[in-house]
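As C-alpha coordinates, the structure follows; a few thoughts come after it.
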Amino acid sequence: MRLDKFLCKSTELTRADASKVIHAGEVTVNGTVITAEATQVHENNHIALNGRRLIARPSRYFMIHKPPGTQCSNADGVYPSLLHRLGLDKTCDLHIVGRLDADTSGLVLVTDDGRWSFNITSPQKRCAKVYRVGLRDPLTDEVAARFARGLLLQGEASPTLPAGLEVVAPREALLTLTEGRFHQVKRMFAAVGNRVLSLHREQIGNIRLDIGPGQWRHLQADEIAHVGK
Ligand code: URA
(Lines give C-alpha, C1' and ligand atoms only; values in the text may rest on other atoms or scores of the structure.)
Protein backbone atom coordinates (compact mmCIF):
# COMPACT_ATOMS: atom_id res chain seq x y z
CA MET A 1 0.00 0.00 0.00
CA ARG A 2 1.03 3.65 -0.30
CA LEU A 3 3.11 5.08 2.52
CA ASP A 4 0.59 7.87 3.29
CA LYS A 5 -2.18 5.26 3.53
CA PHE A 6 -0.07 3.16 5.88
CA LEU A 7 0.37 6.21 8.13
CA CYS A 8 -3.40 6.74 8.18
CA LYS A 9 -3.89 3.07 9.13
CA SER A 10 -1.38 3.23 11.95
CA THR A 11 -1.84 6.72 13.48
CA GLU A 12 -4.60 9.29 13.96
CA LEU A 13 -3.21 11.39 11.07
CA THR A 14 -5.42 12.35 8.16
CA ARG A 15 -4.11 11.69 4.64
CA ALA A 16 -3.11 15.38 4.31
CA ASP A 17 -1.26 15.33 7.65
CA ALA A 18 0.44 12.07 6.67
CA SER A 19 1.75 13.73 3.50
CA LYS A 20 3.10 16.63 5.55
CA VAL A 21 5.13 14.46 7.95
CA ILE A 22 6.43 12.39 5.03
CA HIS A 23 7.56 15.51 3.13
CA ALA A 24 9.15 16.82 6.33
CA GLY A 25 11.41 13.74 6.44
CA GLU A 26 9.90 12.41 9.66
CA VAL A 27 9.18 8.94 8.26
CA THR A 28 11.64 6.09 7.69
CA VAL A 29 11.11 2.78 5.91
CA ASN A 30 13.61 0.10 6.96
CA GLY A 31 15.86 2.83 8.31
CA THR A 32 15.82 5.10 5.21
CA VAL A 33 14.05 8.49 5.19
CA ILE A 34 11.34 8.46 2.52
CA THR A 35 9.81 11.75 1.37
CA ALA A 36 7.47 10.51 -1.40
CA GLU A 37 4.01 9.73 -0.03
CA ALA A 38 3.12 7.40 -2.92
CA THR A 39 6.00 5.00 -2.13
CA GLN A 40 4.69 1.44 -1.95
CA VAL A 41 5.31 -0.24 1.39
CA HIS A 42 4.42 -3.57 2.95
CA GLU A 43 3.08 -4.03 6.46
CA ASN A 44 6.15 -6.17 7.24
CA ASN A 45 8.47 -3.22 6.54
CA HIS A 46 9.85 -1.40 9.56
CA ILE A 47 8.08 1.95 9.23
CA ALA A 48 8.73 4.61 11.85
CA LEU A 49 7.52 8.15 12.55
CA ASN A 50 10.10 10.23 14.42
CA GLY A 51 11.82 7.00 15.45
CA ARG A 52 8.65 5.27 16.77
CA ARG A 53 7.67 2.08 14.95
CA LEU A 54 4.16 2.13 13.51
CA ILE A 55 1.87 -0.89 13.39
CA ALA A 56 -1.14 -0.83 11.05
CA ARG A 57 -4.60 -1.37 12.57
CA PRO A 58 -6.48 -4.45 11.27
CA SER A 59 -8.56 -3.80 8.17
CA ARG A 60 -12.22 -2.85 8.57
CA TYR A 61 -15.17 -4.35 6.68
CA PHE A 62 -18.79 -3.14 6.75
CA MET A 63 -22.07 -3.47 4.94
CA ILE A 64 -24.44 -0.52 4.60
CA HIS A 65 -28.03 -0.58 3.40
CA LYS A 66 -27.94 2.40 1.07
CA PRO A 67 -31.19 4.33 0.84
CA PRO A 68 -31.94 6.11 -2.43
CA GLY A 69 -30.92 9.78 -2.41
CA THR A 70 -27.43 9.18 -0.98
CA GLN A 71 -24.19 9.07 -2.91
CA CYS A 72 -21.36 6.54 -2.84
CA SER A 73 -18.50 8.90 -2.10
CA ASN A 74 -16.33 9.98 0.83
CA ALA A 75 -17.61 13.56 0.74
CA ASP A 76 -21.05 15.13 0.45
CA GLY A 77 -21.97 16.32 -3.04
CA VAL A 78 -25.36 16.77 -4.67
CA TYR A 79 -26.53 14.09 -2.22
CA PRO A 80 -25.20 13.32 1.28
CA SER A 81 -22.27 10.89 1.43
CA LEU A 82 -23.18 7.34 2.40
CA LEU A 83 -20.02 7.02 4.48
CA HIS A 84 -21.18 9.70 6.91
CA ARG A 85 -23.90 7.30 8.00
CA LEU A 86 -21.25 5.05 9.53
CA GLY A 87 -20.45 7.69 12.12
CA LEU A 88 -16.94 6.23 12.37
CA ASP A 89 -13.51 7.74 12.81
CA LYS A 90 -11.22 8.07 9.84
CA THR A 91 -13.72 7.43 7.10
CA CYS A 92 -11.11 8.99 4.79
CA ASP A 93 -9.31 5.62 5.00
CA LEU A 94 -12.35 3.73 3.76
CA HIS A 95 -13.57 3.17 0.25
CA ILE A 96 -16.78 1.88 -1.28
CA VAL A 97 -16.55 -1.45 -3.09
CA GLY A 98 -18.55 -1.04 -6.29
CA ARG A 99 -20.57 2.15 -6.29
CA LEU A 100 -24.33 2.43 -6.73
CA ASP A 101 -26.09 5.33 -8.44
CA ALA A 102 -27.67 7.97 -6.20
CA ASP A 103 -31.17 6.65 -6.97
CA THR A 104 -30.22 2.97 -6.42
CA SER A 105 -30.71 1.33 -3.02
CA GLY A 106 -29.32 -1.76 -1.35
CA LEU A 107 -26.12 -3.50 -0.37
CA VAL A 108 -22.91 -1.48 -0.31
CA LEU A 109 -19.65 -2.86 1.06
CA VAL A 110 -17.06 -0.57 2.63
CA THR A 111 -13.48 -1.36 3.58
CA ASP A 112 -9.92 -0.11 3.74
CA ASP A 113 -8.56 -3.37 2.29
CA GLY A 114 -7.73 -2.72 -1.37
CA ARG A 115 -6.86 -6.31 -2.22
CA TRP A 116 -10.19 -7.55 -0.85
CA SER A 117 -12.20 -5.02 -2.83
CA PHE A 118 -10.25 -5.87 -6.00
CA ASN A 119 -11.42 -9.48 -5.63
CA ILE A 120 -15.02 -8.25 -5.60
CA THR A 121 -14.86 -5.67 -8.38
CA SER A 122 -12.46 -7.27 -10.86
CA PRO A 123 -14.41 -8.90 -13.74
CA GLN A 124 -11.77 -11.66 -13.79
CA LYS A 125 -12.83 -12.80 -10.31
CA ARG A 126 -16.46 -13.29 -11.43
CA CYS A 127 -17.91 -12.24 -8.06
CA ALA A 128 -21.71 -12.28 -8.50
CA LYS A 129 -23.85 -9.24 -7.64
CA VAL A 130 -27.62 -9.68 -7.53
CA TYR A 131 -29.94 -6.75 -8.36
CA ARG A 132 -33.72 -6.59 -7.99
CA VAL A 133 -34.94 -4.54 -10.94
CA GLY A 134 -38.34 -2.89 -11.44
CA LEU A 135 -39.15 -2.21 -15.10
CA ARG A 136 -41.43 0.00 -17.16
CA ASP A 137 -42.42 -2.74 -19.65
CA PRO A 138 -43.15 -6.46 -19.17
CA LEU A 139 -40.19 -8.79 -19.71
CA THR A 140 -39.98 -11.16 -22.65
CA ASP A 141 -38.20 -14.55 -22.81
CA GLU A 142 -35.86 -13.13 -25.41
CA VAL A 143 -34.33 -10.69 -22.91
CA ALA A 144 -32.99 -13.48 -20.67
CA ALA A 145 -31.42 -15.14 -23.71
CA ARG A 146 -29.76 -11.90 -24.83
CA PHE A 147 -28.38 -11.20 -21.36
CA ALA A 148 -27.07 -14.78 -21.12
CA ARG A 149 -25.24 -14.37 -24.45
CA GLY A 150 -23.86 -10.93 -23.57
CA LEU A 151 -24.74 -7.75 -25.43
CA LEU A 152 -22.78 -4.82 -26.74
CA LEU A 153 -23.56 -1.60 -24.88
CA GLN A 154 -23.35 1.74 -26.68
CA GLY A 155 -19.80 3.07 -26.85
CA GLU A 156 -18.19 -0.15 -25.56
CA ALA A 157 -15.71 -2.38 -27.36
CA SER A 158 -16.58 -5.72 -25.74
CA PRO A 159 -19.91 -7.37 -24.95
CA THR A 160 -21.14 -7.73 -21.38
CA LEU A 161 -20.25 -10.95 -19.58
CA PRO A 162 -23.07 -13.54 -19.47
CA ALA A 163 -25.69 -12.38 -16.96
CA GLY A 164 -28.50 -14.34 -15.28
CA LEU A 165 -32.06 -13.02 -15.42
CA GLU A 166 -34.76 -14.53 -13.22
CA VAL A 167 -38.20 -13.09 -13.91
CA VAL A 168 -40.15 -12.82 -10.63
CA ALA A 169 -43.14 -10.78 -11.93
CA PRO A 170 -44.00 -9.39 -15.38
CA ARG A 171 -42.15 -6.14 -14.59
CA GLU A 172 -39.69 -7.35 -11.96
CA ALA A 173 -36.54 -9.48 -12.21
CA LEU A 174 -33.42 -10.55 -10.37
CA LEU A 175 -30.36 -9.83 -12.47
CA THR A 176 -27.00 -11.42 -11.61
CA LEU A 177 -23.88 -9.69 -12.93
CA THR A 178 -20.21 -10.57 -12.46
CA GLU A 179 -18.85 -7.21 -13.57
CA GLY A 180 -19.69 -3.59 -12.82
CA ARG A 181 -19.67 -1.27 -15.80
CA PHE A 182 -20.91 2.30 -15.59
CA HIS A 183 -24.72 2.31 -15.10
CA GLN A 184 -24.62 -1.29 -16.33
CA VAL A 185 -28.08 -2.48 -15.30
CA LYS A 186 -29.85 0.59 -16.66
CA ARG A 187 -27.88 0.44 -19.91
CA MET A 188 -28.53 -3.29 -20.40
CA PHE A 189 -32.28 -2.83 -20.11
CA ALA A 190 -32.13 0.28 -22.30
CA ALA A 191 -30.31 -1.83 -24.93
CA VAL A 192 -33.33 -4.16 -25.12
CA GLY A 193 -35.80 -1.25 -25.29
CA ASN A 194 -36.94 -1.29 -21.66
CA ARG A 195 -36.41 1.16 -18.80
CA VAL A 196 -35.34 0.61 -15.17
CA LEU A 197 -37.76 2.26 -12.74
CA SER A 198 -36.28 0.90 -9.50
CA LEU A 199 -32.97 -0.76 -8.70
CA HIS A 200 -31.87 -2.47 -5.49
CA ARG A 201 -28.72 -4.57 -4.87
CA GLU A 202 -29.53 -7.59 -2.68
CA GLN A 203 -26.34 -9.65 -2.64
CA ILE A 204 -22.60 -9.60 -3.37
CA GLY A 205 -20.94 -13.04 -3.44
CA ASN A 206 -22.34 -14.82 -0.37
CA ILE A 207 -23.08 -11.56 1.46
CA ARG A 208 -26.82 -10.92 1.64
CA LEU A 209 -28.31 -7.64 2.72
CA ASP A 210 -30.01 -8.36 6.07
CA ILE A 211 -30.38 -4.93 7.69
CA GLY A 212 -32.89 -2.12 7.22
CA PRO A 213 -32.50 0.99 5.05
CA GLY A 214 -29.87 3.36 6.42
CA GLN A 215 -28.44 0.76 8.85
CA TRP A 216 -24.93 -0.71 8.81
CA ARG A 217 -23.06 -3.58 10.46
CA HIS A 218 -19.60 -5.13 10.61
CA LEU A 219 -19.10 -8.08 8.26
CA GLN A 220 -18.54 -11.49 9.84
CA ALA A 221 -15.30 -13.42 9.39
CA ASP A 222 -16.87 -15.99 7.05
CA GLU A 223 -18.37 -13.25 4.85
CA ILE A 224 -14.99 -11.52 4.59
CA ALA A 225 -13.14 -14.75 3.83
CA HIS A 226 -15.63 -15.98 1.23
CA VAL A 227 -15.78 -12.99 -1.09
CA GLY A 228 -12.12 -12.11 -0.63
CA LYS A 229 -10.89 -15.39 -2.15
N1 URA B 1 -26.19 -0.59 -12.54
C2 URA B 1 -26.77 0.62 -12.64
O3 URA B 1 -27.24 1.01 -13.70
N4 URA B 1 -26.82 1.40 -11.53
C5 URA B 1 -26.36 1.01 -10.33
O6 URA B 1 -26.45 1.75 -9.35
C7 URA B 1 -25.76 -0.27 -10.25
C8 URA B 1 -25.69 -1.05 -11.36
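Just follow the structure's listing: the first ligand is 1, and inside any ligand the first atom is 1.
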Which atoms of ligand 1 have any heavy atom of Leu100 under 4.0 Å away?
6 (O), 7 (C)

Restricting to heavy atoms, the pick from Val196, Val185, Leu177 nearest atom 1 (N) of ligand 1 would be Val185

So, are Asp112 and Lys5 salt-bridged, with charged N and O less than 4.0 Å apart?
no

Considering only heavy atoms of Gln184, which atoms of ligand 1 have at least one such atom less than 4.0 Å away?
1 (N), 2 (C), 3 (O)

Under a plain distance cut-off of 3.5 Å, with no hydrogens placed, do Glu142 and Thr140 share a side-chain donor-acceptor pair?
no

Identify the closest protein heavy atom to atom 5 (C) of ligand 1: which residue and atom is it, and at what distance?
Asp101 OD2, 3.5 Å

Between Trp116 and Tyr61, how do the two ring planes meet: parallel, tilted or perpendicular, split at 30° and 60°?
perpendicular

Using the rule given for side chain to side chain contact (heavy atoms under 4.5 Å, CB included), can you reason through Asn45 versus Val41, listing the C-alpha separation, both sets of side-chain angles and the distance that settles it, and then say yes or no?
CA-CA 7 Å; Asn45 294 150; Val41 294; 3.7 Å; yes

Under 3.5 Å, N or O to N or O, is Thr104 touching ligand 1 that way?
yes

Which ligand 1 atoms are under 4.0 Å away from a heavy-atom of His183?
1 (N), 2 (C), 3 (O)

Enumerated ligand 1 atoms positioned under 4.0 Å from heavy atoms of Tyr131:
7 (C), 8 (C)

Can you list every pair that meets side chain to side chain donor-acceptor pair (under 3.5 Å) and has a residue in residues 143-155, with sequence neighbours left out?
none

Taking a cutoff of less than 4.0 Å between a non-hydrogen atom of the residue and any ligand atom, is Phe182 in contact with ligand 1?
no

With the threshold set at 4.0 Å, does a side-chain nitrogen-carboxylate oxygen contact exist between Glu166 and Arg132?
no

